[in-house]
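Worksheet: one structure, shown below.
The analysis underlying the following values was restricted to heavy atoms, covering all of them including side chains, and did not include hydrogens, waters or symmetry mates. Predicted model only: the values in this text are computed from it and were never measured.
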Amino acid sequence: MSQIHWRPGIGDPTIAGWLTVAAYFAAFLLSVVYIKQIGSETMTGRTVVQYRLWWFIALAMLLMGINKQLDLQTLLTEVGKILSKRQGWYEQRRIVQLIFIAGVGCGGLFSLMLVWQSCKNLWKENWLTIVGLIFLVCFVVMRATSFHHMDLFLGNYISSFKINWLLEIAGITCVFASAGNHLRLKSKAQQQITTQKDIFL
């Protein structure tokens, strides 16, 4: 433990860091609100798929928001370096790193495929959600690398914003906008039903 420099705490105390955390939690809360609306209706095959999909998204937003400040990938990197030196495969660490990155990438791709398979009949309603998840999976895979050139790329700026922050915030924004749009459509449909009832009455 004395060789590990990572400690539980605030990993990114910058304004951009806290804005990203706030965005994650906002997306999480809006997703939960939408989930409650789905749960209050009669559950059909389509709504069950939508219900499960958005629980998955809400959980992902919550965990990624927490990890944004805990920075657990740094702990994982440090533990990996210590183990590689102790077990004598430090010189081959790039191969292990590539295997790990491939595993993260395959895991992300597999998750996206599951999402796609689950909501392939709901593409029109969830295309923005899936785009957001693709952004976030790409961001996670890129952050999983600690290659020098990748770190330099993610640390570059466009105007006043880092590339890694733009990638991450774009994914969160897509998820947030999708949840908001779902809520808007639900509210509009409910208003139409209420109006029709008033007309008949």
**Request:** With sequence neighbours left out, write down each residue that passes side chain to side chain donor-acceptor pair (under 3.5 Å) with Trp55, or none if nothing qualifies.
**Result:** Tyr51
**Request:** Could you state whether Leu185 and Val33 fall into the same hydrophobic cluster, counting links through intermediate Ile, Leu, Val, Met, Phe, Trp or Tyr residues with side-chain heavy atoms under 4.5 angstrom apart?
**Result:** no
**Prompt:** Does some side-chain heavy atom of Leu128 sit less than 4.5 Å from a side-chain heavy atom of Asn181?
**Reply:** no
**Prompt:** Would you say Phe56 and Trp127 are hydrophobically clustered, going by side-chain heavy atoms of ILVMFWY under 4.5 Å?
**Reply:** yes
**Message:** The criterion is ring pair (Phe, Tyr, Trp, His ring centres under 6.0 Å); which residues satisfy it with Phe176, sequence neighbours excluded?
**Reply:** none
**Under the side chain to side chain donor-acceptor pair (under 3.5 Å) test, residues paired with Thr47 that sit two or more places apart** = Thr44
**Asked** Linking I/L/V/M/F/W/Y whenever their side-chain heavy atoms sit closer than 4.5 Å, directly or via other members, would Tyr34 and Val48 fall into one cluster?
**Response** yes
**Asked** What pairs meet the salt bridge (Lys or Arg N to Asp or Glu O under 4.0 Å) rule with one or both residues in residues 173-186, with sequence neighbours excluded?
**Response** Glu41-Lys186
**Item:** Qualifying residue for side-chain contact (heavy atoms from CB on, under 4.5 Å) with Thr20, from Ile172, Ile15, Thr14
**Value:** Ile172
**Message:** I need the minimum non-hydrogen distance between Gly65 and Phe25, along with the two atoms involved.
**Reply:** C-CZ, 4.3 Å
**Closest non-hydrogen atom pair, Gly171 against Leu136** = CA-CG, 4.0 Å
**Item:** Value rounded to 0.5 Å, distance of CD in Gln69 from OH in Tyr24
**Value:** 11.5 Å
**Qualifying residues under side chain to side chain donor-acceptor pair (under 3.5 Å), relative to Ser187, sequence neighbours excluded** = none
**Message:** Could you walk me through whether Leu63 and Asn67 satisfy the side-chain contact (heavy atoms from CB on, under 4.5 Å) test, starting with their C-alpha distance in whole Å, then the side-chain angles of each, then the deciding distance to 0.1 Å, before giving a yes or no?
**Reply:** CA-CA 6 Å; Leu63 294 178; Asn67 184 64; over 6 Å; no
**Request:** Enter the distance from Leu53:CG to Ile130:CD1 here, rounded to the nearest 0.5 Å.
**Result:** 7.5 Å
**Asked** Does some side-chain heavy atom of Gln37 sit less than 4.5 Å from a side-chain heavy atom of His182?
**Response** no
**Asked** Taking atom CD1 of Ile66 and atom CZ of Phe28, what is their separation to the nearest 0.5 Å?
**Response** 8.5 Å
**Message:** Do Trp54 and Val175 make a side-chain contact, defined as non-hydrogen atoms from C-beta onward lying under 4.5 Å apart?
**Reply:** yes
**Item:** Flag for Asn126-Gln50: side-chain donor and acceptor within less than 3.5 Å
**Value:** yes
**Complete:** Heavy atoms of Ala58 and Ser31 approach each other most closely as CB-CB, 3.8 Å
**Asked** In chain order, what residues pass the side chain to side chain donor-acceptor pair (under 3.5 Å) check against Ser178, with sequence neighbours excluded?
**Response** Thr129
**Item:** Common cluster, Leu59/Ile134, ILVMFWY with side-chain heavy-atom separation under 4.5 Å
**Value:** no
**Prompt:** Between atom CG of Leu19 and atom NZ of Lys68, what is the distance when rounded to the nearest 0.5 Å?
**Reply:** 10.5 Å
